[in-house]
Amino acid sequence: MPSIVRTRFAPSPTGYLHIGGVRTALFCWLFARRNGGQFLLRIDDTDQERNVESALAPILHGFRWLGMDWDEGPDVGGPHAPYYQSQRLPQYQAAAEKLLAAGVAYRDYATPDELQAERELAQQEKRPFLYSRRWMAETATDQKRFEADGRQGVVRLKMPREGKLVIHDLVRGDVEFDWAREQDHVVQRADGTCLYHLASVVDDHDFQISHVIRAEEHLSNTPRQIFIAQSLDYPLPEYAHLPFVAEPGSKNKLSKRKLDKYLKNRDFAQLNEHGWKIAQAIGFSTAAETFNPVIVDFYEQVGYLPDAIINYLLLLGWSYDDKREFFSREEMIANFSLERVTKAPASFDAKKLWMFQDHYMQALPMKQKVARMVPYLQKAGLLSSPPPCDVAEKLTRIITAAGDRIKVSGDILAYADFFFADKIVYDSQAVEKNIGNPGATALLAKFKDRLSTVEPFEVGPLEQALHQFMADEQIKVGDIIHALRVAITGKAVGPGLYDCLAILGRETSLARIQSTLDQYGQASGAA
RNA sequence: GGCCCCGUCGUCUAGCGGUCUAGGACACUGGCCUUUCACGCCGGUAACACGGGUUCGAGUCCCGUCGGGGUCACCA
């Protein structure tokens with residue numbers, strides 16, 4: 001029997017795509033692609049009410065942005081549609097009936113209070129809780145009797161109370177469980193709706209999933225799922241339980257709830273702050289819960305590259321060897337294997353992600369850089385829409401001058417806004433430090449005259465002119481250059497000074513120096 | 001607490017009995033380069049959780065201890 005590899009990722013429609021979920025999905029996707037199989041998306045919305053579509057949209061969008069395509073699932077459909085659990089209730093109910101008929105499940109009429117009482121008693125007596133099955137209806141007569149009492153029945157699994165189960169996990173090896181520790185879990189509610197474990201097993205079978213690859217928190221659920229599958233005569237899929245993505249600097253599972261805690265991690269906080277600055281500059285209004293480095297959308301908005309995120313995530317729990325870290329999509333598909341997945345949780349490291357982003361951004365062809373950065377300038381109101389036709393040429397010069405200072409597309413605003421702005425914004429600290437004394441402004445005024453004669457107004461001649469000026473005035477380069485930078489850019493940091501001057505052009509450069517002198521020269525001179 | 005999983009530099013990891021006086025990457029750090037910042041280059045600090053076995057030989061195998069985590073729902 002030639003078996004086709006089919007993996008799935010099963011998000012709940014929560015409204016956002018979690019970075020830990022992406023890592024798990026990535027491994028599923030890679031495994032399928034590596035083995036020439038299929039990767040599907042199934043929507044676990046048994047619990048959801050309305051708005052599934054709107055809560056799902058950001059998740060699908062995130063996967064698309066990252067370049068992770070699915071062969072079957074929402075939007076793309078497929079031979080096993082629907083791929084929404086909320087639309088598959090009949091299948092689950094039929095499975096529940098089969099379990100009942102086979103005697104591996106029973107109708108149970110215990111009230112929640114009665115069950116709770118049994119639990120507490122077990123706890124008092126310090127023994128593991130196991131349901132007494134006191135309200136189990138084994139016959140139609142029992143059923144009628146309980147129902148006559150006004151009780152409501154659910155369907156429970158009748159788990160084995162002896163023996164062992166060995167799971168052959170592709171990541172963890174053999175894992176052993178005692179059947180007697182497993183609870184009689186409810187698989188169907190009194191209202192006929194079904195619970196996750198039943199649904200999941202039925203779907204994995206119906207969708208012909210060959211490898212259930214998921215995060216390790218599901219490992220302890222696996223026995224009951226295997227019990228259901230075996231009882232339904234389903235062939236068992238292979239299982240692989242991946243380590244989860246842990247919080248920065250800890251081994252706890254990364255979750256969106258503990259953002260405050262993560263922000264105490266310096267690297268994480270820096271990444272977050274950097275993103276928020278860009279979001280503010282482009283007028284992207286959002287909330288902390290949905291815009292932070294745990295959520296994929298954060299990276300898209302700020303201008304990260306999907307390849308960088310994916311490459312970083314690939315190394316979170318997987319490695320190729322002791323040297324190689326950079327992988328193209330083709331290379332990761334060609335080399336991925338579950339054998340090389342790590343067993344221990346891997347914590348999220350903002351700095352390492354940053355390194356990958358830097359790498360991929362520097363490797364990006366100039367045309368693509370320009371295309372990616374134009375929207376940021378537009379959103380910040382520095383560039384019209386559509387952009388002027390000569391903007392590509394100017395931007396190319398600017399981006400080249402800014403060089404590797406630009407790590408994400410949104411950084412164009414931090415390093416190049418002054419090229420586009422009519423009036424520059426002065427950084428007060430930079431002004432104070434570099435222009436806040438009469439000597440500096442005097443030199444600035446003198447050099448301004450010198451600048452008006454430089455011909456052509458390009459990097460080489462500009463540099464020559466400045467050196468000549470230094471010789472004439474008997475000053476060092478530091479005596480003039482910092483003031484000059486602040487005068488034309490408003491900032492203390494940025495691309496090379498001659499590049500800035502040349503790109504700005506003579507007219508603008510002179511005007512900016514003049515307005516800086518107007519604004520700060522006299523005040524400090526008088527003081 | 002029961003069950004299950006995990007435990008190599010701060011972090012991600014290599015290591016599948018001898019080639020490990022433990023390798024790489026990120027971070028940190030000293031220096032060089034430099035008009036700022038960023039980059040680049042050279043160097044440095046830093047780990048096998050602990051204790052018993054097995055073996056000629058253990059980071060690598062076994063047991064125990066300790067530590068961390070996951071899970072114990074009519075959530076997914």
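A, B, ... follow the sequence lines: proteins, then strands. Residue 1 opens every chain.
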task: Return the set of residues passing side chain to side chain contact (heavy atoms under 4.5 Å, CB included) with A/T24 (not counting sequence neighbours), or none when no residue passes.
output: A/F9, A/A215, A/L242

field: Of A/T7, A/N221, A/T222, the residue whose pairing with A/R214 passes side chain to side chain donor-acceptor pair (under 3.5 Å)
entry: A/T222

statement: Hits for side chain to side chain contact (heavy atoms under 4.5 Å, CB included) against A/E432, two or more places apart or cross-chain, chain-then-number order -> none

task: Can you sort out the partners of A/Q85 under side chain to side chain donor-acceptor pair (under 3.5 Å), two or more places apart, ordered by chain and number?
output: A/D44, A/D203

Short heteroatom pairs, N/O only, protein and nucleotides 19-26 of chain B, under 3.5 Å:
from   : atom 1 : to     : atom 2 : distance (Å)
B/rA25 : O2'    : A/E325 : OE1    : 2.5
B/rA25 : O2'    : A/K352 : NZ     : 3.0
B/rA25 : N3     : A/K352 : NZ     : 3.1
B/rC26 : O2'    : A/K352 : N      : 3.4

- prompt: Just wondering, do A/Y131 and A/E118 contact through their side chains at under 4.5 Å, heavy atoms?
  reply: yes

- request: Without swapping roles, check the side chain of A/Y299 against the backbone of A/P293 for a donor-acceptor pair under 3.5 Å.
  value: yes

message: So that I can tick it off, tell me whether A/E216 and A/K251 are bridged by a salt bridge, with the cut-off set at under 4.0 angstrom between side-chain N and carboxylate O.
response: no

query: Can you name the side chain to side chain donor-acceptor pair (under 3.5 Å) partners of A/E120, sequence neighbours left out?
result: A/Q116

message: Among B/rC74, B/rU13, B/rA76, which nucleotide has an atom closest to any side-chain atom of A/A346?
response: B/rU13

task: Give A/Y320 one of three labels, base, sugar-phosphate or nothing, depending on what nucleic acid heavy atoms sit under 4.0 Å from its own.
output: nothing

statement: Testing B/rC74, B/rG69, B/rG2 for proximity to the side chain of A/R156, the answer is B/rC74

message: Here's a test for you: under side chain to side chain donor-acceptor pair (under 3.5 Å), which of A/R151, A/Q152, A/E114, A/E147 qualifies with A/Y109?
response: A/E147

- prompt: Counting side-chain heavy atoms from CB outward, which of B/rA73, B/rU35, B/rU71 is closest to A/N221?
  reply: B/rU71

- request: Could you list all the salt bridge (charged side-chain N to carboxylate O under 4.0 Å, His left out) pairs where at least one residue sits in residues 349-358 of chain A, not counting sequence neighbours?
  value: A/D267-A/K351, A/E325-A/K352, A/D358-A/K407

- line: Among B/rU35, B/rC74, B/rG69, the one nearest any side-chain atom of A/K251 is B/rG69

- request: Would you indicate, yes or no, if B/rU13 has its OP1 or OP2 atom less than 4.0 angstrom from a side-chain nitrogen or oxygen of A/R340?
  value: no

query: Reckon A/A110 touches a base, only the sugar-phosphate, or nothing at all at heavy-atom distances under 4.0 Å?
result: base

For A/D427, side chain to side chain contact (heavy atoms under 4.5 Å, CB included) partners two or more places apart: A/Q429, A/A430

message: With ring pair (Phe, Tyr, Trp, His ring centres under 6.0 Å) as the rule and sequence neighbours excluded, what pairs involving residues 461-493 of chain A come up?
response: A/F447-A/F469

query: Can you tell me the Watson-Crick or wobble partner of B/rC20, both distances under 3.5 angstrom?
result: none

message: Once hydrogens and angles are ignored, does a donor-acceptor distance under 3.5 Å link the base of B/rA73 to the side chain of A/H185?
response: no

- prompt: Separation of A/L198 atom CG from B/rC75 atom P, in whole Å?
  reply: 13 Å

Extract from the structure each pairing of a protein N or O with an N or O of nucleotides 4-6 of chain B at less than 3.5 Å, listing the distance.
from  : atom 1 : to     : atom 2 : distance (Å)
B/rC5 : O2'    : A/R172 : NH1    : 2.5

- prompt: In whole angstroms, how far is the C1' atom of B/rC74 from the NE2 atom of A/H197?
  reply: 12 Å

- prompt: To the nearest angstrom, how far is A/I167 atom CD1 from B/rU71 atom P?
  reply: 16 Å

Is there any protein nitrogen or oxygen under 3.5 Å from a nitrogen or oxygen in nucleotides 36-44 of chain B, and what are the pairs?
from   : atom 1 : to     : atom 2 : distance (Å)
B/rU36 : O2'    : A/A492 : O      : 3.0
B/rU36 : O2     : A/A492 : O      : 3.4
B/rU36 : O2     : A/G494 : N      : 2.9
B/rU36 : O2     : A/G494 : O      : 3.4
B/rU36 : N3     : A/R485 : NH2    : 3.0
B/rU36 : N3     : A/G494 : O      : 2.8
B/rU36 : O4     : A/R405 : NH2    : 3.2
B/rC37 : O2     : A/R405 : NE     : 2.2
B/rC37 : O2     : A/R405 : NH2    : 3.4
B/rC37 : N3     : A/R405 : NE     : 3.1
B/rC37 : N3     : A/R405 : NH2    : 2.5
B/rC37 : N4     : A/R405 : NH2    : 3.3
B/rA38 : O2'    : A/D404 : O      : 3.2
B/rA38 : O2'    : A/D404 : OD1    : 3.4
B/rA38 : O2'    : A/K407 : NZ     : 3.1
B/rA38 : N3     : A/D404 : OD1    : 3.2
B/rC39 : O2'    : A/D404 : OD2    : 2.8

Measure all distances between protein nitrogen or oxygen atoms and nitrogen or oxygen atoms of nucleotides 45-50 of chain B, and list the pairs falling under 3.5 Å.
none

- request: Sequence neighbours left out, what passes side chain to side chain donor-acceptor pair (under 3.5 Å) with A/D204? Give chain and number order.
  value: A/R8, A/R42

- line: Separation of B/rU71 atom P from A/Y196 atom OH, nearest Å, is 12 Å

